[in-house]
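Report on the structure given below.
Proteins come first, then strands; the chains are lettered A, B, ... in the order of their sequence lines, and each starts at number 1.
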Amino acid sequence: MGDLLLFINFYLIPGIVLGSIYALGAIGVSMVFGILRFAHFAHGDMMTLGAFIAFSAIGWLGVGPILALPFAMIGTIVVTLGIDRVFYKPLREKSTIIVVIASFGVALMLRSLIMVVWGVNTETYSSGISMPLVFLDSFRIAERHIWMMAITIAAMLGIHWTLSKTRIGKAMRAVSDSPELSRLAGISTEKVVQATWIIGAGLAAIGGVFIAWDSQIHANAGWDLILPIFAAAILGGIGKAYGAMAGGMVIGIAEEVSSYPWLGDGPLLSPGYKTGIAFAIMVIMLIWRPSGLFRGRVY
Amino acid sequence: MSDQMIGYSSYLITLLTMVAIYGVMGLGLNLNWGVTGLFNVGIAGFFAIGAYTAAILTTEETGKHIGGFDMPFWVGAIAAMITSAILAWFVGKICIRLRSDYLAIATIGIAEILRLILKNEMWATNGARGISNIPKPFESLGGLAGPLAFLALVVGILIVVYVLLEKGQHSPWGRIMRAIRDNELAARASGKNVERLRLEAFIIGSSIMGLGGALSAHYFKFIGLEATEPLLTTFLIWVMMIVGGSGNNRGVLLGALIIWSLWSMSEMVIQAFSLTGEFAVRVPYMRMFIIGLVLNIVLQKYGQGILPERHPGGKDAQPKR
């Protein structure tokens, strides 16, 4: 097997899959930051919730991960709208930093509920080992990875269509660009906020299911996702959905590719430090260009 | 003294020692957030670097991790403050000029990176097994006298930190900090170097958190990865400050007392129910839920906390937050 194929099979494709997961989380974080103007630190735990709802659907109904997706999305969206109603809405008139603190409280509550309902063990969707599909003798790709990439592309096309063609999507972009002007134009901020949560929670659930489907899920997984997801949102530019997609992809691929033996025989960066890549990229962006690649907002 | 009395006393000493250690870190956070408005969510990181610095400097040679310097307690404590201050300078230099949300993300980031380093660099930190046999001051006194003397030491440090911070906050320096928090533009317009002052507050507050880490390492005689998890340090201290009253040092100490008492007593309540099976493993995690809920209730209903901040200009001078 050539070096290039080895690189594609074991570094690039896992990187694209990881990038899809980060992108699905980062779009929500970036849109919430752009429209509700606060950093939502419970976003990773929403992804964990989606993963565990799908876990139950798979266990009870015997469906596969793809058919479990709608359950995960609806469940996560309902819980998220409830959280917004009970914990974030009463704080709307206060300084947004208060809502950030509230989101830390919500993250703790979500995580502990997940631990009480689903336990603290690491879970997987299936116990068997699936053989990867082989093309042209040496290009190997797991079937689930094809599904994940296809679903991610479909989700992103859906976001693109919503933001550019529908009334609510246009309203969302308007509120993100200028809340005062859009209020003057008669746009209902509350509706836009709800739409933001629905999209953010739906995508987060998909991302969460992908994590569990690709490897495994445990109750603390959401916390580990916070850093790369925010790094992706900042890299892309806060408030820019397309930026978040690109940012997530860049960080996911960079994390996987960083352990390729670029120089010599050993991995360039010890796999234990993968997460450090996201942090390094974020620090560079904050110094060099806080508005991100897609010229988002700097607060 | 009967055995039961000794049991109660030793429980009380344990509780108060923990409250005092959390109190020290809470005071550091209060200078960051309560007074200056700096959103530091990386307490666990500053705690960890302080704790490991103290542990490495004060332990005897073991071969499992770097160290073997066998230094006295106070050298470790001061070094812990210096290393956490250097870390804070690095983080602050990068993102102190941006809005608080970015500082929050960056501080979380640095705390997580530190955890990665502590976990992976086995040669220096003994990895997940942590550093043990950290000397505990006054331990040789034995009985109740040893823990009591250690409590006195921690409370003494707490009082020194409290008095210095109160002095600082009521000086012109502290008033500028509040001014920056409440109206940055006005502070800038009156010629204050906002970035520099913020950085000062961030570094001082973070080094106090590092001191807290050193105290904790000496108290438990052990520092491992589990102690650096954000739940037990970062979040609990945030809740203590918000519940007690951010901006008010006495409020923060009261918050530390209330929240830590709740936290440690809820453990006993759960044990008293003597649950069995799978459920017994899960129910303790409800504590986390309660802490999150208390935080949200206080934010919504009692935004100022139990002891609200006292403003130098009286009630009319109170800014809207």
Contact class of A/M282 relative to chain B, heavy atoms under 4.5 angstrom: side chain
Reported CD1-to-CG distance for the pair A/I226 and A/D45, which is rounded to 0.5 angstrom: 7.0 Å
Members of residues 286-295 of chain B whose heavy atoms come closer than 4.5 Å to chain A: B/M286, B/M288, B/F289, B/I291, B/G292, B/L293, B/L295
Heavy-atom side-chain contact between B/F47 and B/I223 under 4.5 Å: yes
Aromatic ring pairing B/F46/B/F202, orientation class (parallel under 30°, perpendicular over 60°, tilted between): perpendicular
Part of A/I101 lying under 4.5 Å from any heavy atom of chain B: both
Separation between CD of A/Q216 and CD of A/E123, rounded to the nearest 0.5 Å: 10.0 Å
Ring pair (Phe, Tyr, Trp, His ring centres under 6.0 Å) partners of A/F279, counting only residues at least two apart: none
Pairs of heavy atoms under 4.5 Å with chain A: top-ranked of B/C95, B/P230, B/G303: B/P230
A/R85, CZ atom: more than 12 neighbouring heavy atoms under 6.0 Å: no
Under the ring pair (Phe, Tyr, Trp, His ring centres under 6.0 Å) test, residues paired with A/F104 that sit two or more places apart: A/F41, B/F235
Heavy-atom pairs under 4.5 Å with chain B, option from A/A231, A/S270, A/S112 with the top count: A/S112
Atom group of B/Q300 that falls short of 4.5 Å from chain A, counting heavy atoms: both
Contacting region of A/T96 [heavy-atom separation from chain B under 4.5 Å]: side chain
Heavy-atom neighbours of B/K64 NZ exceed 12 at 6.0 Å: no
Interchain contact, B/I117 with chain A, by part (heavy-atom threshold 4.5 Å): both
Which atoms of A/V106 approach chain B - backbone, side chain, both or neither, heavy atom under 4.5 Å: both
Atom group of A/L110 that falls short of 4.5 Å from chain B, counting heavy atoms: neither
Any B/M209 side-chain heavy atom under 4.5 Å of B/N32 side chain: yes
Contacting region of B/L116 [heavy-atom separation from chain A under 4.5 Å]: both
Donor-acceptor contact below 3.5 Å, side chain B/T107 vs main chain B/V41: yes
Pairing residues for A/Y273 by the ring pair (Phe, Tyr, Trp, His ring centres under 6.0 Å) criterion, not counting sequence neighbours: none
Under 4.5 Å from a heavy atom of chain A, the part of B/E121 involved: both
Residue A/I287 versus chain B: region with a heavy atom under 4.5 Å: both
Value rounded to 0.5 Å, distance of CD1 in A/I98 from CG in A/L91: 7.5 Å
